[in-house]
Amino acid sequence: MHQLTHLAAIEAESIHVIREVAAEFERPVLLFSGGKDSIVMLRLAEKAFWPAPIPFPVMHVDTGHNFPEVIDFRDRRVAELGVTLVVASVQTSIDTGRVREDARPGSSRNRLQTTTLLDAIAEHRFDAVFGGARRDEEKARAKERVFSLRDEFGQWDPKRQRPELWNLYNGRHRPGEHMRVFPLSNWTELDIWQYIGDEKIEVPSIYFAHRREVFRHDGMLMAVGPYLPTPEGAEVFETTVRYRTVGDMTCTAAVESAATTVADIVDEVAASRITERGATRADDKFSEAAMEDRKREGYF
Amino acid sequence: MTELLRFATAGSVDDGKSTLIGRLLYDSKAIFEDQLEAVERTSRSRGDEQVNLALLTDGLRAEREQGITIDVAYRYFATPRRKFIIADTPGHVQYTRNMVTGASTADLALVLIDARKGVLEQSRRHAFIASLLRIPHLVLCVNKMDLVGHDQDVFEAIKAEFREFATRLDVADLTFIPISALHGDNVVDRSPNMPWYEGTSLLHHLEEVHIASDRNLIDCRFPVQYVIRPRSDAFHDYRGYAGTVAGGVFKRGDDVVVLPSGFSSRIRSIDTFDGPVEEAFPPMSVTLTLEDDLDVSRGDMICRPHNRPVAGQDVEAMVCWLDEQAALTPGGKLGIKQTTRSARALVKDLRYRLDVNTLHRDEAATSLTLNEIGRVTLRTTVPLFYDEYRRNRATGSFILVDEHTQHTVGAGMILSAPD
Ligand SMILES: Nc1nc2c(ncn2[C@@H]2O[C@H](COP(=O)(O)OP(=O)(O)O)[C@@H](O)[C@H]2O)c(=O)[nH]1
């Protein structure tokens with residue numbers, strides 16, 4: 001019968017992409033945030049080169065506003081794999097005057113990450129950067145190639161994308177340009193969770209239901225924490241929540257959920273009627289084109 | 001077990017392609033509340049009477065402002081039986097380039113026709129590209145049946161006309177479905193408005209169409225992508241050849257030869273992170289180890305001793321030109337990538353340019369420009385290991401790269417070795 005399941009088929013495709021980059025680029029790096037997509041991407045990289053170690057470093061663009069559980073997880077996973085971790089720090093970018101932080105308390109550092117990321121790419125002379133973005137996440141992503149060329153300013157030009165045919169990826173680029181590579185392009189949120197379940201991959205605990213002190217902000221549940229001050233008059237209450245994405249604590253919202261296992265999450269995602277970004281990313285709500293604009297500037 | 005089906009959609013502007021995709025996503029619950037809300041807002045602000053499902057698939061700001069679609073977009077939905085990847089290709093002037101891109105990996109092409117307009121020049125072009133790219137299954141959706149009173153005669157006439165044209169193409173499997181994307185007739189369920197139609201709904205067809213035998217499971221082809229050498233204590237002498245199976249079924253213990261060296265050996269193991277497997281078939285990504293210590297590197301081809309690809313520097317191919325700036329002309333030099341092999345290629349001859357609407361061959365043509373398709377003879381700096389595209393899409397395809405801009409400028413489908 002010789003037929004693969006859909007997960008095996010997209011897994012094979014992703015591994016092909018990762019190997020292609022390792023073969024054709026001098027200095028690749030894999031962005032690893034400790035979030036579920038980058039965890040799956042790291043597992044695929046592990047699979048692609050086994051029994052050899054992953055032949056490139058991983059990089060975390062650190063806003064400084066992290067969930068401690070996620071940082072613990074990141075460090076543990078990196079140690080297990082024996083890969084080199086590069087931390088590119090937004091705080092350092094602020095301290096050295098590369099970016100200016102919005103003075104208002106609790107403002108998100110999400111947008112500042114772009115400068116930190118591009119500076120790190122230049123400093124380490126990375127020529128290929130693996131990102132865990134998926135095309136089902138957002139409309140602008142739906143049009144992005146697996147191999148996505150960035151000019152010397154790190155910018156994406158949607159009108160000048162290279163045609164991408166068969167599995168023949170064109171990795172050629174000129175000095176100063178680099179390639180963003182998205183091995184998970186064809187995965188959906190549901191695929192990610194089914195795969196995590198099938199493969200028994202560990203993910204940070206905040207993905208599962210837990211009790212947490214939260215308050216409502218623009219219709220979303222935000223955690224009480226050191227980085228985002230609770231707005232005056234907001235009612236703080238404890239409830240059972242989980243996170244669908246893990247990012248900057250100031251702009252990543254929790255969702256009410258009782259899902260305590262991966263199987264519960266798969267059911268929840270399958271039944272969910274709100275996209276992951278819509279539910280939990282305050283930064284995408286600004287405008288319909290928010291993601292497109294950030295991508296053009298060089299965002300993930 | 002859920003399988004994966006990739007399909008490409010094509011249609012002229014306003015045939016209802018976006019509406020149909022929106023409908024498939026909506027009815028299969030792949031659309032989320034917040035996306036729908038955004039679309040409702042936009043529909044209202046544009047003064048549309050009803051929610052425009054087509055907006056769900058418009059991606060970028062420039063497109064929304066100009067009300068057009070720029071590029072190939074990928075969409076996802078799933079049913080319990082299959083997961084679907086849609087390559088949604090817009091239908092304006094740059095069409096050929098977009099459709100070729102979207103069609104290259106598709107198992108199925110879905111071409112829309114407006115029932116009121118019938119088979120247009122563009123419909124023929126879409127069908128031709130689908131056959132050129134050898135998409136195994138072609139579905140012709142005759143849309144807007146509600147606007148022709150769900151009339152069977154209209155459907156049958158379009159079907160007859162299209163069938164007549166399709167005999168000149170190489171289409172293995174052709175299906176016709178009368179639908180109304182706007183109202184959902186025959187999209188997910190059979191429509192009570194067209195009792196005369198005896199086939200299945202579109203979604204049912206997408207779920208059931210038989211794709212397992214579309215791959216080449218006969219000619220064993222393994223382009224080496226990456227050599228794995230751990231040099232660790234536990235795997236001191238390990239030397240594995242990683243790659244994606246491009247054809248046939250490789251089994252542990254098989255006799256193989258490695259091209260270009262021609263050395264033979266035997267498969268010692270087929271390894272994966274999850275443990276060794278007994279056999280590997282397309283599109284699995286695996287690592288082969290061989291019994292003998294050979295010098296094998298990226299770009300080499302592992303195959304069976306008595307079933308080898310063509311090995312040669314001369315290639316005869318249909319090329320679709322994708323670049324706005326430069327043109328393909330005889331004497332031109334380009335980069336070429338075929339399987340995991342990269343080389344340079346000289347354009348020796350442009351035999352003819354094909355008119356994609358009439359299929360007329362213009363032998364006086366001296367160049368191929370954007371969206372043009374022609375038959376080309378190439379000479380490469382190193383031998384390529386290839387099969388005819390019609391026999392194997394993975395080993396019969398290549399891309400051409402402009403050596404100055406580094407852009408992908410051409411897509412090639414190999415016909416044969418030149419005589
Ligand atoms: N009556 C009717 N109108 C339709 C149907 N499908 C699409 N339309 C309308 O045709 C117009 C063009 O549809 P759209 O999906 O934007 O076409 P596209 O350019 O092919 O993506 C829109 O006004 C749709 O509402 C149908 O089945 N019946």
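In what follows, chains carry the letters A, B, and so on, assigned in the order in which the sequence lines appear, proteins first and then strands, with residues in each chain numbered from 1.
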Side chain from CB out, backbone as N, CA, C, O: work out which of these in B:V100 comes under 4.5 Å of a heavy atom of chain A, or both, or neither. both
Side-chain contact test, heavy atoms from C-beta onward, threshold under 4.5 Å: evaluate it for A:L4 versus B:M284 and give yes or no. yes
Chain A: which of B:Q225, B:R229, B:E3 shares the most heavy-atom pairs with it under 4.5 Å? B:Q225
Could you check whether A:N186 and B:Y74, counting side-chain N and O atoms only, form a donor-acceptor pair closer than 3.5 Å? no
Do B:S285 and A:H16 pair up side chain to side chain, a donor and an acceptor below 3.5 Å, judged on atom types alone? no
Non-hydrogen atoms of chain A under 4.5 Å away: do they reach the side chain of B:R215, the backbone, both or neither? side chain
Residue among A:K200, A:K47, A:R43 satisfying salt bridge (charged side-chain N to carboxylate O under 4.0 Å, His left out) with B:D274: A:K47
Ring centers of B:F273, A:F49 separated by less than 6.0 Å: no
Structural part of B:T272 lying under 4.5 Å from a heavy atom of chain A: backbone
Quick check for you: among A:E24, A:Q3, A:R145, which has the greatest number of heavy-atom pairs under 4.5 Å with chain B? A:Q3
Who wins among B:V286, B:T408, B:T105, B:L4 for the most heavy-atom pairs under 4.5 Å with chain A? B:T408
If you tally heavy-atom pairs under 4.5 Å against chain B, which of A:A52, A:A142, A:P51, A:S185 wins? A:P51
Would you indicate whether the side-chain heavy atoms of B:R82 and A:H6 approach each other to under 4.5 Å? no
Go through A:R174, A:E20, A:E164, A:E199 and name the one with the most non-hydrogen pairs under 4.5 angstrom from chain B. A:E20
N-O pairing of A:D136 and B:R75 below 4.0 Å: no
Can you tell which part of B:Q338 gets under 4.5 Å to a heavy atom of chain A, answering side chain, backbone, both or neither? backbone
Crowding at CD, A:E26 (>12 non-hydrogen neighbours, <6.0 Å): no
Between B:I228 and chain A, with a heavy-atom cut-off of 4.5 Å, which part of the residue counts as in contact: side chain, backbone, both or neither? side chain
List the atom pairs, with distances to 0.1 Å, where a side-chain N or O of residues 232-240 of chain B and a protein N or O form a donor-acceptor pair under 3.5 Å, not counting sequence neighbours.
unit_1 : atom_1 : unit_2 : atom_2 : d
B:S232 : OG     : B:F235 : N      : 3.3
B:Y238 : OH     : B:D271 : OD2    : 2.6
B:R239 : NE     : B:Y241 : OH     : 3.0

Can you tell me how far the CG atom of A:L149 sits from the NE2 atom of B:H407, to the nearest 0.5 Å? 7.0 Å
Scored by heavy-atom pairs under 4.5 Å with chain B, the best of A:E177, A:Q161, A:E11, A:E13 is A:E13
Nearest 0.5 angstrom please: A:L165 CG to B:T101 OG1, how far? 4.5 Å
Whatever's closer than 4.5 Å to a heavy atom in chain A on B:L133 counts as side chain
Do A:D191 and B:K83 have side-chain heavy atoms sitting under 4.5 Å apart? yes
Check the pair A:W166 / B:M413 against side chain to side chain contact (heavy atoms under 4.5 Å, CB included), numbers first and verdict last. CA-CA 11 Å; A:W166 298 288; B:M413 288 134 292; 4.0 Å; yes
Hey, could you give me the OH/CD1 distance between B:Y76 and A:I10, rounded to the nearest 0.5 Å? 9.0 Å
Would you say the side-chain atoms of B:K337 pair up with the backbone N or O of A:N170, donor to acceptor, closer than 3.5 Å? no
Check: A:L168 and B:S397 side chains under 4.5 Å, non-hydrogen atoms: yes
Contact origin within A:S14 toward chain B - heavy atom pairs under 4.5 Å: neither
Dump the intermediate steps for side chain to side chain contact (heavy atoms under 4.5 Å, CB included) on B:T287 and A:W50, then the final yes or no. CA-CA 9 Å; B:T287 300; A:W50 184 90; over 6 Å; no
Please look at A:A8 and chain B and tell me whether the side chain, the backbone, both or neither of the residue comes under 4.5 angstrom of a heavy atom of that chain. neither
Apply the test side chain to side chain contact (heavy atoms under 4.5 Å, CB included) to residues B:V401 and A:R172: give CA-CA distance (whole Å), side-chain angles for both, the deciding distance (0.1 Å), then the verdict. CA-CA 9 Å; B:V401 177; A:R172 299 195 197 197; 3.9 Å; yes
With A:H173 via ring pair (Phe, Tyr, Trp, His ring centres under 6.0 Å) - residues at least two apart: A:F25
